[in-house]
Colleague: 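The structure that follows is given in the form of structure tokens.
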Number of protein chains: 2
Amino acid sequence: MIKDKGRSILTESGLKITPQRIAIMEALLTIKDHSTAEFIKEYVTKNNPNLATGTIYNILEAFCQKGIIKKVKTEKDIMRYDVETKSHNHLYCDECDYIKNYFDEELDRLLKDYFSKKNLSNFSIKEINLQIVGNYSPHKNN
Amino acid sequence: MIKDKGRSILTESGLKITPQRIAIMEALLTIKDHSTAEFIKEYVTKNNPNLATGTIYNILEAFCQKGIIKKVKTEKDIMRYDVETKSHNHLYCDECDYIKNYFDEELDRLLKDYFSKKNLSNFSIKEINLQIVGNYSPHKNN
DNA sequence: TCCTAAATAAGAACTATTCTTATATAAGAA
DNA sequence: TTCTTATATAAGAATAGTTCTTATTTAGGA
Ligand SMILES: [Mn+2]
Ligand SMILES: [Mn+2]
Ligand SMILES: [Zn+2]
Ligand SMILES: [Zn+2]
């Protein structure tokens with residue numbers, strides 16, 4: 001059950017287990033996609049009508065700190081949150097706000113090898129984000 | 001002279017030549033780095049104290065439309081503007097807000113070849129942004 | 001059960017950016 | 001050159017996603 005999965009992720013993280021955190025964890029795991037705080041709020045307030053907006057941001061920030069989720073920048077000024085933990089990059093559609101996951105180990109290896117070979121002076125790489133911007137034909141909301 | 005260069009870029013673009021646009025063009029070419037609207041405002045209001053904030057955003061947007069400059073996303077919610085037209089990627093320092101240009105034709109070719117080989121279904125690539133996040137030792141402001 | 005550091009609710013505050021509207025002006029036409 | 005008008009600008013209000021403040025609640029250890 002998805003609620004149990006969320007709860008165990010919380011336990012492993014060492015965060016206090018609260019109804020609000022369980023609800024948001026459940027929302028993230030159910031929605032899967034790159035949710036906005038606003039969308040998560042709509043989802044969780046069905047069952048938790050008093051869950052405050054600030055609490056949602058606090059909790060999402062706490063999850064990020066623990067590495068449970070990651071922030072994803074968008075073209076607009078809206079933060080999105082990614083619950084996918086496997087290494088991947090993103091296809092950004094420039095006609096709508098849809099962001100599709102792009103998994104490819106070959107690409108990951110290619111970049112990793114490239115930069116270990118290059119050895120940038122005075123810069124230690126922690127993360128490489130590849131944004132593939134273009135047009136994704138079968139939109140989500142068609 | 002840098003003002004003449006700015007003026008000729010404006011002429012080529014087909015935009016009306018106004019003192020405000022010349023001033024911002026000059027600021028962009030002088031500052032070079034990935035300026036914020038705020039920083040550009042500080043720069044231009046030395047000589048043009050009445051230049052309105054909204055005008056700066058309007059003009060920067062117009063320059064983007066014409067392809068004179070490009071928007072660069074940052075970790076914070078502040079837009080930055082890039083006057084560098086040669087193809088390049090960015091090194092993001094996660095300790096400060098410094099963004100360094102990274103030019104490498106080999107990398108560009110590598111990615112171009114990779115994606116033309118892959119041929120993503122239902123997605124036409126317009127642009128690939130590689131964000132290299134890490135720690136850049138000799139900070140600008142040390 | 002009790003205690004307390006941590007979490008939450010509610011809503012005000014913040015801030016980069018956008019919008020509105022009256023005024024000014026660049027640049028083509030006459 | 002002067003006239004014309006579509007376009008650009010100044011000033012400041014409005015917006016919106018996010019953060020902050022503070023009183024209250026609560027999870028989880030003692
Ligand atoms: Mn993702
Ligand atoms: Mn750049
Ligand atoms: Zn789309
Ligand atoms: Zn730095």
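Order of the sequence lines fixes the chain letters, A, B, ..., with proteins taken first and strands second; residue numbering starts at 1 for each chain. Treat the numbers as computed from the prediction; the structure is a model and nothing was measured.
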Colleague: Once you round it to whole Å, what is the distance between P of D:dG17 and CE of A:Met79?
Modeller: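 Going from A:Met79 (CE) to D:dG17 (P), I get 13 Å.
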Colleague: Find the bend of the helix from C:dT1-D:dA30 to C:dA30-D:dT1 as the angle between its two terminal axes (five pairs each), to the nearest 10°.
Modeller: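 Terminal axis comparison yields 30°.
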Colleague: Could you pick out which residue, A:Arg80 or B:Lys16, lies toward the 5' side of DNA chain D when each is mapped onto its nearest nucleotide?
Modeller: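 The residue mapped nearer the 5' terminus is B:Lys16.
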Colleague: Here's a test of your reading of the structure: between A:Arg21 and B:Ile17, which maps to the more 5' nucleotide of DNA chain C?
Modeller: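 Its nearest nucleotide being more 5', the pick is A:Arg21.
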Colleague: Would you check, one step at a time, whether the test side chain to side chain donor-acceptor pair (under 3.5 Å) holds for A:Asn135 with A:Glu95?
Modeller: CA-CA 7 Å; A:Asn135 189 264; A:Glu95 283 195 2; 3.0 Å; yes
Colleague: Quick one: is A:Tyr57 getting a side-chain N or O under 4.0 Å of the D:dT18 phosphate, OP1 or OP2?
Modeller: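 Indeed, a polar side-chain atom of A:Tyr57 lies that close.
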Colleague: Given that B:Pro49 and A:Ile78 both sit by DNA chain D, which one's nearest nucleotide is further toward the 5' end?
Modeller: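 Its nucleotide being nearer the 5' end, the pick is B:Pro49.
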Colleague: Quick one: A:Leu60 CG to D:dG17 P, roughly how many Å, whole number?
Modeller: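 Computing the A:Leu60:CG to D:dG17:P distance gives 15 Å.
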Colleague: Can you list the steps and then say if B:Asp82 with B:Lys71 is a salt bridge (charged side-chain N to carboxylate O under 4.0 Å, His left out)?
Modeller: CA-CA 6 Å; B:Asp82 197 341; B:Lys71 291 180 180 176; over 6 Å; no
Colleague: In plain terms, say whether A:Lys66 and A:Glu61 are close enough for a salt bridge, that is, a side-chain N and a carboxylate O under 4.0 Å apart.
Modeller: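 A:Glu61 and A:Lys66: not salt-bridged.
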Colleague: Do you see a donor-acceptor pair shorter than 3.5 Å between the side chains of B:Asp104 and B:Tyr102?
Modeller: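 The criterion, which ignores hydrogens and geometry beyond distance, is satisfied for B:Tyr102 and B:Asp104.
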Colleague: Can you tell whether the side chains of A:Glu26 and A:Arg21 come within less than 4.0 Å, N to carboxylate O?
Modeller: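 The answer is no: the pair does not qualify as a salt bridge.
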Colleague: Distance check needed: D:dA27 C1' versus A:Ile22 CD1, whole Å only.
Modeller: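 After rounding, the gap between these two atoms is 11 Å.
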Colleague: If you count heavy atoms of other groups shown closer than 6.0 angstrom to OH of B:Tyr114, is the number above 12?
Modeller: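 Result for OH/B:Tyr114: enclosed.
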Colleague: Using whole Å, what does the distance between atom P of nucleotide D:dT19 and atom CD1 of A:Ile59 come to?
Modeller: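 Going from A:Ile59 (CD1) to D:dT19 (P), I get 14 Å.
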Colleague: Just the rounded figure in Å: distance from C1' of D:dA27 to CD of A:Gln20.
Modeller: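 Spelled out: CD on A:Gln20 to C1' on D:dA27 is 11 Å.
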Colleague: Could you check whether any side-chain N or O of B:Arg80 sits under 3.5 Å from a backbone N or O of B:His34, counting only pairs where one atom can act as donor and the other as acceptor?
Modeller: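 A pair under 3.5 Å: yes.
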Colleague: For DNA chain C, note the earliest and the latest nucleotide, 5' to 3', having some atom under 4.0 Å of a heavy atom belonging to chain B.
Modeller: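 Contact span on the strand: C:dA16 to C:dA27.
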Colleague: Just how far, in rounded Å, is P of D:dT18 from CG of A:Asp77?
Modeller: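 It is 9 Å, rounded to the nearest whole Å.
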Colleague: Cation-pi check for A:Phe103 against A:Lys86: NZ or CZ below 6.0 Å from the six-membered ring centre and within 45 degrees of the axis, yes or no?
Modeller: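 A:Lys86 over A:Phe103 ring: yes.
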Colleague: Assign A:Thr18 to base, sugar-phosphate, or nothing according to its heavy-atom contacts below 4.0 angstrom with the strands shown.
Modeller: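 Contact class for A:Thr18: sugar-phosphate only.
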Colleague: Can you check the A:Glu38 CD to D:dT18 P distance for me, whole Å?
Modeller: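 In whole Å, D:dT18 P and A:Glu38 CD are 9 Å from each other.
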Colleague: Heavy atoms only, 4.0 Å cut-off, all strands: where does A:Pro19 land among base, sugar-phosphate and nothing?
Modeller: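 Touches sugar-phosphate only.
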Colleague: Give the C-alpha distance, both sets of side-chain angles, the deciding distance and a yes or no for salt bridge (charged side-chain N to carboxylate O under 4.0 Å, His left out) between B:Lys118 and A:Glu106.
Modeller: CA-CA 11 Å; B:Lys118 278 289 169 180; A:Glu106 191 186 342; 3.3 Å; yes
